[in-house]
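Encoded as structure tokens, the structure appears first; notes follow it.
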Amino acid sequence: DYCDCDDGSDEPGTAACSGRAGTTFFCANEQSVGRSIPASQVNDGICDCCDGSDESAASCSNRCVEEGKAIRAALAKENSERAAGLAKKQEYIAAAAASSSSSNEEAELEKILADIQQVDAEIESLNAQTERLSAALVEETKSREAQLRARRAEALQLALLDRHDLENLLIDLAVDTSSSAALERLVTEAFAARAASRESVQVSADGSISSAEVHQPRWISTSDEMSSEESSEDDYDEAYQEHPDEAADEGATEVSLTVSQQLDKVKKDQQAAKDRLRKLNKRKTEVESELSLDFGPDNVWWSLRDSCFELAADGYTYKMCPFDKSRQNSVELGKWAGFKEGSDYKVLLFENGQKCWNGPKRSLTVTARCGSDNQLLHVEEPSMCEYTAEFITPAAC
């Protein structure tokens with residue numbers, strides 16, 4: 001009963017070293033589990049050891065039998081859970097081995113790449129068609145404008161005016177407004193002035209003199225031309241209805257798209273092809289991401305790839321989805337960042353979640369331990385916006 005060693009190791013079962021810092025007292029606790037307690041707790045009036053060996057003066061009953069039974073029951077339950085978990089783990093491994101998911105995803109990726117190449121070629125062809133039809137539309141527009149200009153010149157009877165008339169007309173037009181009404185008025189005045197200056201007269205059979213022919217120029221608007229085209233189409237429709245056989249003989253039933261209509265159709269096809277390409281690239285990224293996932297030894301975590309686990313605590317609903325995301329109600333705690341290096345696939349990381357106000361981005365670290373079923377437990381926030389949780393799963397056995 002004398003403390004010879006500074007660390008008290010020579011008196012593990014007595015109170016001789018109780019006055020020295022860092023020294024311990026060993027409780028034998030027969031029929032239970034032996035343990036060490038600080039030497040300062042020896043003879044302090046509190047029965048720390050179930051066998052009461054830490055209190056020589058106090059009357060401590062021996063609780064080791066009951067305590068031992070409880071410990072053994074807990075160990076038996078834990079062993080049973082572990083055995084059930086290991087059996088379930090083997091099912092996970094077998095399911096991963098029997099699954100053709102990986103080969104299916106590889107085949108899908110191969111098809112996606114082929115489809116992307118095909119759509120790229122289609123878009124390239126449509127781009128060339130768009131360029132060609134756009135150029136054709138420009139030329140067609142120029143041609144139609146030239147034709148309309150010629151018809152307007154003819155309708156305005158400008159060919160009857162000489163150079164002097166046209167010069168004055170243009171000067172007056174420059175001074176006046178450039179509206180079509182003003183143009184009609186100026187041309188009419190030009191004809192009147194021309195008739196007066198030349199004193200053009202016509203002698204009738206009775207000898208009377210009539211004034212020269214008064215020309216009535218008119219402006220042809222774009223709507224007039226459209227009405228004329230529509231009228232022609234209406235005339236054709238009427239003729240077709242009256243003589244359908246003759247129209248058919250002339251090939252009138254063949255529909256020919258205008259350049260503008262062709263261009264519109266090609267642009268729609270072009271947009272549809274771009275939409276297909278965007279969806280293909282999105283799916284390509286998803287499949288590549290799925291193929292890059294690490295499911296641990298023997299792909300033991302593969303069976304949980306599409307699963308999510310929830311826990312209601314402190315007014316929140318926590319949701320943890322391995323290989324995807326984690327949430328606290330609608331707030332994202334983090335995206336899947338893999339298993340922590342060196343954790344033997346027992347620590348799951350979720351990072352780059354929604355940013356905290358005046359703080360970092362949220363994150364969640366989940367520690368997995370063996371169990372017969374999957375269960376999310378004990379979500380806590382030990383540091384600002386840095387969450388931790390415990391996850392019971394057969395995959396960790």
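Side chains are part of it too, since the values below use all heavy atoms of this structure and drop only hydrogens, waters and symmetry mates. No experiment lies behind these values; they were computed from the predicted model shown. One is the number of the first residue; the rest follow in order along the sequence.
- Using a 3.5 Å distance cut-off with no hydrogens or angles, the side chains of Glu351 and Ser363 do not pair a donor with an acceptor.
- The closest donor-acceptor contact from the side chain of Ser125 to the backbone of Ala121 lies at 3.5 Å or more, if one exists at all.
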Give the intermediate values and the outcome of salt bridge (Lys or Arg N to Asp or Glu O under 4.0 Å) for residues Glu91 and Lys88.
CA-CA 5 Å; Glu91 293 178 10; Lys88 195 69 174 287; 5.1 Å; no
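- Partner of Ser32 under the side chain to side chain donor-acceptor pair (under 3.5 Å) criterion, chosen from Glu66, Glu67, Arg63, Arg72: Glu67.
- In terms of the side-chain contact (heavy atoms from CB on, under 4.5 Å) criterion, Glu30 has no residue partners (sequence neighbours excluded).
- Results of the ring-ring contact (aromatic ring centres under 6.0 Å, His included) test with Trp301 over Phe295, Phe339, Trp336, Tyr92 single out Phe339 as the only residue that passes.
- Under the 4.5 Å side-chain contact rule for hydrophobic residues, Trp302 and Phe323 share a cluster.
- No donor-acceptor distance shorter than 3.5 angstrom exists from the side chain of Asp51 to the backbone of Asn62, with no hydrogens or angles considered.
- Criterion: ILVMFWY side-chain heavy atoms under 4.5 Å apart, direct or through other members. Under it, Leu263 and Leu126 are part of a common hydrophobic cluster.
- Counting only heavy atoms from C-beta outward, the side chains of Phe350 and Leu333 never approach each other to under 4.5 Å.
- Side chain of Asp298 to main chain of Val300: no donor-acceptor pair is present (N/O by atom type, distance under 3.5 Å, no hydrogens or angles).
- Here the side chain of Thr285 pairs a donor or acceptor atom with the backbone of Asn281 at under 3.5 angstrom.
- Heavy-atom neighbours of Asp314 CG from other residues, nucleotides or ligands within 6.0 Å: at or below the threshold of 12.
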Are Lys346 and Thr367 close enough, and set up right, to give a side-chain contact (heavy atoms from CB on, under 4.5 Å), and what steps lead you there?
CA-CA 6 Å; Lys346 298 295 194 299; Thr367 301; 5.7 Å; no
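- In summary, Asp264 and Lys268 do not engage in a salt bridge, as defined by a charged side-chain N under 4.0 Å from a carboxylate O.
- How far CG of Leu364 is from SG of Cys385: 12.5 Å, rounded to the nearest 0.5 Å.
- Within 6.0 Å of CD in Glu131 there are 12 or fewer heavy atoms belonging to other residues, nucleotides or ligands.
- Note on Met320: it clusters hydrophobically with Leu293, by side-chain heavy-atom contacts below 4.5 Å among ILVMFWY residues.
- Counted by atom type alone, Asn79 and Arg82 present one or more donor-acceptor pairs between their side chains at under 3.5 Å.
- Counted by atom type alone, Gln41 and Asp54 present zero donor-acceptor pairs between their side chains at under 3.5 Å.
- Summarising the local packing, NZ of Lys319 is surrounded by 12 or fewer heavy atoms from other residues, nucleotides or ligands at distances under 6.0 Å.
- Under the 4.5 Å side-chain heavy-atom criterion for Ile, Leu, Val, Met, Phe, Trp and Tyr, Leu304 and Leu349 are members of distinct hydrophobic clusters.
- For Glu124, the CD atom is loosely surrounded, since the number of other residues' heavy atoms within 6.0 Å does not exceed 12.
- Of the residues Lys355, Arg362, Arg327, the one that meets the side chain to side chain contact (heavy atoms under 4.5 Å, CB included) test with Glu332 is Arg327.
- Under a 3.5 Å cut-off, the side chain of Ser134 and the backbone N or O of Thr130 do form a donor-acceptor pair.
- Taking 4.5 Å as the limit, some side-chain heavy atom of Leu280 sits within range of a side-chain heavy atom of Val119.
- The ring-ring contact (aromatic ring centres under 6.0 Å, His included) check on Tyr387 picks up nothing, with sequence neighbours excluded.
- The distance from atom CD of Gln129 to atom CG of Asn127, rounded to the nearest 0.5 Å, is 9.5 Å.
- A donor-acceptor contact closer than 3.5 angstrom links the side chains of Asp275 and Gln271.
- Side-chain N or O atoms of Arg144 include none that pairs as donor or acceptor with a backbone N or O of Thr141 at under 3.5 Å.
- Screening residues 272-340 for disulfide (SG to SG under 2.5 Å) gives Cys308-Cys321 as the qualifying pairs, with residues at least two apart or on separate chains.
- Residues Leu311 and Thr317 are not in side-chain contact: their nearest non-hydrogen atoms beyond the backbone lie 4.5 Å or more apart.
- Remark: side-chain polar atoms of Ser383 are not paired, donor with acceptor, to backbone N or O of Glu386 under 3.5 angstrom.
- Here the side chain of Asp162 pairs a donor or acceptor atom with the backbone of His164 at under 3.5 angstrom.
- Within a 6.0 Å radius of CD in Gln118, other residues, nucleotides and ligands contribute 12 heavy atoms or fewer.
- Remark: the backbone N or O of Ile93 is not paired with any side-chain donor or acceptor of Asn299 at under 3.5 angstrom.
- No more than 12 heavy atoms of other residues, nucleotides or ligands sit less than 6.0 Å from atom CD of Glu154.
- Other residues, nucleotides and ligands contribute over 12 non-hydrogen atoms within 6.0 Å of the CD atom of Glu381.
- The shortest distance between side-chain heavy atoms of Thr365 and Val347 falls below 4.5 Å.
- The closest side-chain donor-acceptor pair between Gln328 and Tyr316, if any, does not fall under 3.5 angstrom.
- Of the charged side-chain nitrogens involved, none lies within less than 4.0 Å of a carboxylate oxygen, so that Glu81 and Lys77 do not count as a salt-bridged pair.
- The SG atoms of Cys60 and Cys47 lie less than 2.5 Å from each other.
- Separating the CD atom in Glu145 from the CZ atom in Arg152 is a distance of 9.0 Å, to the nearest 0.5 Å.
- Separation of atoms NZ (Lys335) and CD (Gln354) is listed at 9.5 Å; rounding is to 0.5 Å.
- In terms of modelled atom types and a separation under 3.5 Å, the side chain of Glu55 and the main chain of Gly52 share no donor-acceptor contact.
- At least one side-chain heavy atom of Tyr345 sits under 4.5 Å from a side-chain heavy atom of Asp294.
- Using a 4.5 Å cut-off between side-chain heavy atoms of Ile, Leu, Val, Met, Phe, Trp and Tyr, with links allowed through other members, Leu277 and Leu113 fall into the same hydrophobic cluster.
- For the 3.5 Å distance criterion, the side chains of Ser307 and Asn374 fail to qualify, holding no donor opposite an acceptor.
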